[in-house]
Amino acid sequence: MTKTVPSVSVSYAQSGASTKSNELGMRPMQERAFEKRGEQYLLIKSPPASGKSRALMFIALDKLTNQDLRQAIIVVPEKSIGSSFNDEPLSQYGFWADWHVEPRWNLCNAPGTDGGKVNALGSFLESDDKVLVCTHATFRFAVDKFGVEAFDNRLIAVDEFHHVSANPDNKLGTHLGELIARNKVHIVAMTGSYFRGDAEAVLAPQDEARFDSVTYTYYEQLNGYEHLKSLDIGYFFYSGPYSDSILEVLDPAEKTIIHIPSVNSRESTKDKHREVEHIIEELGDWLGTDDATGFQLVRTADGRTLRIADLVDDDPGKRDRVSAALKDASQKNNRDHVDIIIALGMAKEGFDWIWCQHALTVGYRASLTEIVQIIGRATRDAPGKARARFTNLIAEPDAAESVVTEAINDTLKAIAASLLMEQVLAPRFEFKPKTPTSQADPDFDYGEAGYDKDRCNVGFNEERGTYQIEIKGLAEPKSPEAERICREDLNEVIATFVQDKRSIERGLFDEELVPEELTQVRLGKIIKDKYPELDEEDREAVRQHAIAALNLTQQAARIAAGDDKEPGANTALIDGVRKFAMDVRELDIDLIDRINPFGEAYAILAKTMSEDSLKQVAAAISAKRTSLTPEEAKELAVRAVRFKKERGRLPSISSADAWEKRMAEGAAAFVRFKDEGRYE
C-alpha cells in the first residue's frame with residue numbers, strides 16, 4: 001500500500017526565443033556557449049538533451065583552428081557516454097572542417113594501444129592528431145603517469161563535471177586544480193547539475209573564480225519544447241516489499257524507466273533478479289524473449305504486448321545484447337521499439353531515450369545530482385509526449401524509535417531534492433529594489449493593470465522567460481561577481497542550503513525556531529563559505545536574492561498545484577507567480593525572511609507520517625539540538641549591531657519579536673564566548 005505525497009506540477013509557456021537560431025544554425029544554449037569560446041576556462045551548466053556535446057564540438061573546433069591549441073581531449077565519466085562524441089559534420093554550419101575522432105583515439109570504444117589506454121593517451125600526445133576521447137579514470141591515470149606539463153597548450157573538456165570535487169581525496173579535482181595553477185591549458189567543463197549529493201564543493205573557490213559560466217536552465221530548455229508541456233514530481237511511501245506496491249505508481253501505458261534500489265540499500269530485497277521477475281509478473285504474462293533485441297515480452301491484462309529491456313541481468317551476453325538494442329540508432333525515432341526499461345546502475349547519465357514519459361526510482365538517492373540526471377531521462381521532447389513525470393517510491397519510516405533516525409535521513413534527502421527541483425525548474429528571477437523613483441521597464445509586461453508606482457510590481461518577459469520582481473528594502477549587489485552570482489548561481493546557493501542537514505532538521509521540527517535564524521544566519525554562513533571573496537554587503541545581497549527566489553518559487557508551486565482549473569495555454573506557473581506577487585501589497589525583505597523556507601517540506605512530511613511517527617521524529621531531532629555555537633553567536637551579534645544602526649537601539653532580550661529576541665541572545669552569547677577566550 002502506498003501513501004501519496006502531493007506532487008509538484010510545473011507547467012510553462014512556450015517561448016519563441018528558444019526556437020531561434022543564428023546563422024550557424026545553433027540552438028540557444030549552443031549560441032550562448034559559442035559566444036564565450038574565447039575564454040580560457042569555461043563552465044557550461046545545462047540540463048540533458050540541451051546540446052552541450054555539440055556546443056563543445058563548436059568550441060573545440062574553433063579553439064583548435066583559431067586559438068592555436070595543439071589538441072583537444074574529451075573526458076567523460078564512463079564508456080557509454082563516449083559515443084555522444086561521434087564525428088559531426090560541422091562544416092554545414094560554416095566551419096572550415098568537420099569534427100572527427102579517429103577510431104583508435106576514442107578510448108571509450110578502442111582497446112588502447114602500446115599496452116593499454118593510458119599509454120595510448122601518451123601516444124596521442126606525441127601525435128599530430130587533434131581529438132581524443134577517454135574516461136575520467138583514464139585521464140586521471142594519464143596525469144599521474146605523464147604529469148600536468150604533458151598537457152600544455154591543449155584543450156581539456158570534462159563532461160559531467162559534477163564528478164569533480166574540491167576534496168583532496170578526489171583525484172580528478174586535484175589534477176584539474178594543478179592544471180589551473182599551471183595555467184597552460186584551456187578547460188571547458190560541462191554538467192547538467194553543478195552540485196553534488198555529498199555537499200562537497202565542485203571546485204575550490206579560487207579555482208572556480210577563474211571560470212566564465214554559461215547557464216542554461218531546465219526551465220529555458222523545456223520552455224522551448226514543441227511537445228512536452230509539463231513535468232510532475234511526486235513522492236510515494238510504501239510498506240512491505242516495494243514490488244507489491246509498484247503498480248500503484250507505474251502505468252504500463254507510459255514509456256517508463258524503472259530504477260530499482262541498490263542491493264546494499266534497505267529498500268532492496270537483496271535479490272535483484274527476483275525483483276525484476278516480480279515486476280514483470282505484476283505487469284502480465286511472460287511470453288518469452290525477443291531473439292533480435294533480448295527484450296522480455298509480456299502480455300498485459302488488456303491484451304497489449306509490452307517490450308521490456310532488462311539491464312539488471314548479470315549475464316554479459318544478454319545484457320550487452322539488450323544494451324546494444326537500446327542504442328540502435330535506426331530505432332531512435334521508433335516509439336514502439338521498447339516500452340519499459342528496468343535498470344540498476346545503468347540508464348542514468350548519457351542515456352538517451354526521447355520517448356521516456358516516466359522516470360520511476362525506488363528508494364531514496366543520496367545524491368541530488370543523480371536525481372537530476374534521472375529526471376533528465378524523462379525530459380526529452382518527442383511527438384505526442386505532452387507530460388512527463390518523476391516518481392520516487394520510498395519505504396515508509398517505521399514508528400519504532402530504533403529506526404526513526406535512519407528514516408529521517410532517507411526522507412529528508414528526498415524532501416530536499418523535491419525542494420531543489422522546484423527551484424531548478426523555476427523561471428529566472430530578476431529582483432530589483434522598490435524605491436520612490438522606480439519606473440516600468442519597457443521590456444517587461446506588468447499585466448492588465450500595468451505598472452503601479454505605489455506598489456511592488458511583477459513584470460514578465462515572455463521572450464526570455466524572465467520575471468522582474470520589485471522588493472522593498474532589497475540589497476543590490478555591488479561587485480560584478482556578486483551581480484553574476486545573483487544572475488546565474490542562485491540555484492547553486494539554494495542547492496547547498498537545502499542539502500544542509502542541520503538547516504533542514506531545524507526548519508522541519510524545531511517549533512521554537514525563528515525563521516530568520518535559517519534565512520539569515522545559516523544561509524549567510526553558507527554564502528560566506530561558498531564565496532569568501534565577496535565583502536559583507538555583497539554577501540548580504542546574494543543572501544536576500546537567494547531566499548527571495550526560494551520562497552517565491554515555493555509559493556508559485558503551491559498556487560499552481562492547488563488550482564482546480566485545467567491550466568490554459570500552459571501558463572499555470574506564470575499566472576501563479578504573477579498572482580502571488582501582485583496580491584502582496586508590501587513585498588519586502590522582512591516579510592521574505594519571516595517565511596520558513598521548509599514550511600512546504602513540513603507539510604509533505606506531516607501528510608505521509610502517522611502522528612506517533614511524527615512525534616518520535618520531532619523527539620529525535622530535539623535530542624540532537626544544541627545551543628548556539630561561537631560562530632553562530634558571532635553572526636547574531638553582527639546582526640544585532642546592524643539592528644542598532646538601523647533603529648538606534650540594541651535588540652531587547654524581552655522583545656515580543658522572536659527575531660529581535662534571538663539577536664539579543666546571540667549578542668549576549670558572543671560576549672560570554674569572548675570573555676571565555678573562544679575567539680582568536
Side-chain angles (χ1 to χ4, degrees), residues 25 27 30 48-57 74 76 78-93 98-111 131 133 159 225-228 252-259 287-299 304-313 315-343 346-359 373-374 376-386 388:
R27 290 156 64 178
Q30 295 164 0
S50 60
K52 292 193 298 294
S53 295
R54 179 174 293 178
L56 171 63
M57 295 176 187
I74 316 301
V76 299
E78 58 187 52
K79 293 179 181 179
S80 62
I81 299 179
S83 61
S84 301
F85 297 96
N86 295 323
D87 296 353
E88 185 75 25
L90 297 186
S91 57
Q92 65 180 307
Y93 298 108
D98 290 333
W99 173 277
H100 179 66
V101 184
E102 293 288 344
R104 65 179 176 137
W105 298 135
N106 190 333
L107 300 183
C108 293
N109 302 326
V131 185
V133 180
D159 193 22
Y225 277 167
E226 180 181 357
H227 308 285
L228 184 57
E254 291 182 327
K255 303 293 185 181
T256 304
I257 295 178
I258 304 172
H259 286 103
L287 302 179
T289 303
D290 182 79
D291 293 334
T293 63
F295 296 163
Q296 306 293 320
L297 304 178
V298 176
R299 179 70 56 79
R304 293 185 302 113
T305 299
L306 298 177
R307 297 168 62 82
I308 301 175
D310 176 8
L311 292 175
V312 180
D313 198 315
D315 185 321
K318 293 180 180 178
R319 190 169 63 187
D320 289 349
R321 181 161 55 125
V322 171
S323 182
L326 292 174
K327 294 177 182 177
D328 185 352
S330 67
Q331 299 294 334
K332 180 176 182 178
N333 295 319
N334 179 7
R335 187 182 187 280
D336 298 324
H337 182 53
V338 65
D339 297 293
I340 294 174
I341 298 172
I342 304 176
M346 303 175 68
K348 296 175 185 175
E349 293 180 332
F351 184 82
D352 189 15
W353 182 31
I354 65 172
W355 305 106
C356 178
Q357 300 165 284
H358 186 194
Q373 292 289 345
I374 291 173
R377 302 317 103 200
T379 53
R380 263 70 168 170
D381 198 27
K385 178 179 168 181

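Applying the salt bridge (charged side-chain N to carboxylate O under 4.0 Å, His left out) test to K332 and every residue at least two apart in sequence or in another chain returns D352. Applying the salt bridge (charged side-chain N to carboxylate O under 4.0 Å, His left out) criterion to D339, with sequence neighbours excluded, gives K255. Applying the side-chain contact (heavy atoms from CB on, under 4.5 Å) test to A253 and every residue at least two apart in sequence or in another chain returns D251, R304. Looking at residues two or more places apart in sequence or on another chain, you find a side-chain hydrogen bond (donor to acceptor under 3.5 Å, both in side chains) between D328 and S330. For A388, the side-chain contact (heavy atoms from CB on, under 4.5 Å) partners are L228, L231, A378, K385, not counting sequence neighbours.
Scanning both residues, W99 and L56, for their nearest heavy atoms gives CZ3-O, 4.5 Å. I374 and H259 get closest at one heavy-atom pair: CG2-ND1, 3.9 Å. R380 and I354 get closest at one heavy-atom pair: CB-CA, 3.6 Å. When all heavy atoms of I257 and C356 are compared, the closest pair comes out as CG1-SG, 3.9 Å. For the residue pair Q331 and N334, the shortest heavy atom distance occurs at OE1-ND2, 2.7 Å. Of all the heavy atoms in V76 and C108, the pair that sits closest is CG2-SG, 3.7 Å.
Here the side chains of I74 and D159 are not in contact, with every heavy-atom distance at 4.5 Å or above. Contact annotation: the side chain of I258 approaches that of I340 to within less than 4.5 Å [non-hydrogen atoms, C-beta and beyond].
Note that CG of L287 and CG of L306 are 9.5 Å apart. Values are rounded to the nearest 0.5 Å. The distance from the CD atom of E254 to the CH2 atom of W355 is 15.0 Å, given to the nearest 0.5 Å. The distance from atom CD1 of I308 to atom CD1 of I341, rounded to the nearest 0.5 Å, is 11.0 Å.
Without hydrogens or angle criteria, R307 side chain to H337 main chain gives a donor-acceptor distance under 3.5 Å.
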Could you tabulate the donor-acceptor pairs under 3.5 Å formed by side-chain atoms of residues 289-299, not counting sequence neighbours?
unit_1: D290; atom_1: OD2; unit_2: A292; atom_2: N; d: 3.2
unit_1: D290; atom_1: OD2; unit_2: T293; atom_2: N; d: 2.9
unit_1: D290; atom_1: OD2; unit_2: T293; atom_2: OG1; d: 2.9
unit_1: T293; atom_1: OG1; unit_2: F295; atom_2: N; d: 3.1
unit_1: Q296; atom_1: OE1; unit_2: W286; atom_2: NE1; d: 2.6
unit_1: R299; atom_1: NE; unit_2: T305; atom_2: OG1; d: 3.3

